[in-house]
Amino acid sequence: MAFWFDLHRSHSLQVLVFLVFLVCLSFGIVDSEDGATLLEIKKSFRDVDNVLYDWTDSPSSDYCVWRGVMCDNVTFNVIALNLSGLNLDGEISPSMGDLKSLLSVDLRGNCLSGQIPDEIGDCSALKSLDLSFNALNGDIPFSISKLKQLEYLILKNNQLIGLIPSTLSQIPNLKIL
Ligand SMILES: *[C@@H]1O[C@H](CO)[C@@H](O)[C@H](O)[C@H]1NC(C)=O
Ligand SMILES: *[C@@H]1O[C@H](CO)[C@@H](O)[C@H](O)[C@H]1NC(C)=O
């Protein structure tokens with residue numbers, strides 16, 4: 001009798017562990033690394049007005065509801081980042097290139113300086129990139145030519161030097177504003 005009871009109980013435990021695993025999976029807890037990437041990106045900003053206070057690494061914090069972040073509702077990958085007009089200082093992190101599902105980046109109207117990182121060319125799905133009205137300097141990276149889906153590239157009102165790379169003309173639907 002005791003034997004059957006033990007067998008039954010250990011079986012229930014296995015089922016429970018499996019169910020917990022399924023629940024974690026369905027909530028994306030064991031899924032994407034985009035949350036960690038966003039925290040890397042935050043490190044190179046100087047968040048003067050603390051507008052990114054909800055970007056924290058607490059385990060209960062879901063990065064898909066962080067300010068300015070939009071996720072795909074199936075994969076939980078970040079598809080859009082809109083941090084326009086938030087008085088952000090500092091630089092654009094090369095980690096941006098790790099957000100491979102990004103379709104749109106809007107950092108318009110901040111105080112960002114430094115160079116546009118080459119890694120932006122790794123965001124291969126990017127359709128719209130607006131970095132206008134900042135204090136970015138240096139060259140426009142050639143790597144932007146790799147963004148074949150790009151439709152809008154808006155860089156005006158920065159301190160960028162040098163020419164717009166001629167290779168950008170190979171992007172079929174691109175409008176440079
Ligand atoms: C997921 O998003 C798409 C559009 O991006 C929308 O059409 C669809 O209804 C959404 N699905 C759910 C379950 O919210
Ligand atoms: C980003 O947010 C601002 C302010 O809400 C809005 O005006 C702008 O259109 C948004 N950018 C994109 C690319 O959706």
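Note that ligands are numbered from 1 as they come in the structure, with each ligand's atoms numbered from 1 the same way. Note that the numbering runs from 1 along the sequence shown for the chain.
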Please list, by chain and number, the protein residues whose heavy atoms come under 4.0 Å of ligand 2.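 The answer is N82, S84, S104, D106, counting any residue whose heavy atom sits under 4.0 Å from ligand 2.
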Once side-chain hydrogen bond (donor to acceptor under 3.5 Å, both in side chains) is applied, what residue pairs with a partner in [range] remain, sequence neighbours excluded?
range            : value
residues 140-154 : D122-K146, S145-T167
residues 109-119 : none
residues 48-58   : D49-N87, S58-S60

From the options L102, I144, V105, select the one residue that forms a side chain to side chain contact (heavy atoms under 4.5 Å, CB included) with C123.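 With C123 as partner, side chain to side chain contact (heavy atoms under 4.5 Å, CB included) holds for just one option, L102.
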Pick one: which of D72, V69, D98 meets side chain to side chain contact (heavy atoms under 4.5 Å, CB included) with V78?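 For V78, the side chain to side chain contact (heavy atoms under 4.5 Å, CB included) test succeeds with only one of D72, V69, D98, which is V69.
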Quick one, N134 and I92 - any side-chain contact, counting heavy atoms below 4.5 Å?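 N134 vs I92: side chains apart.
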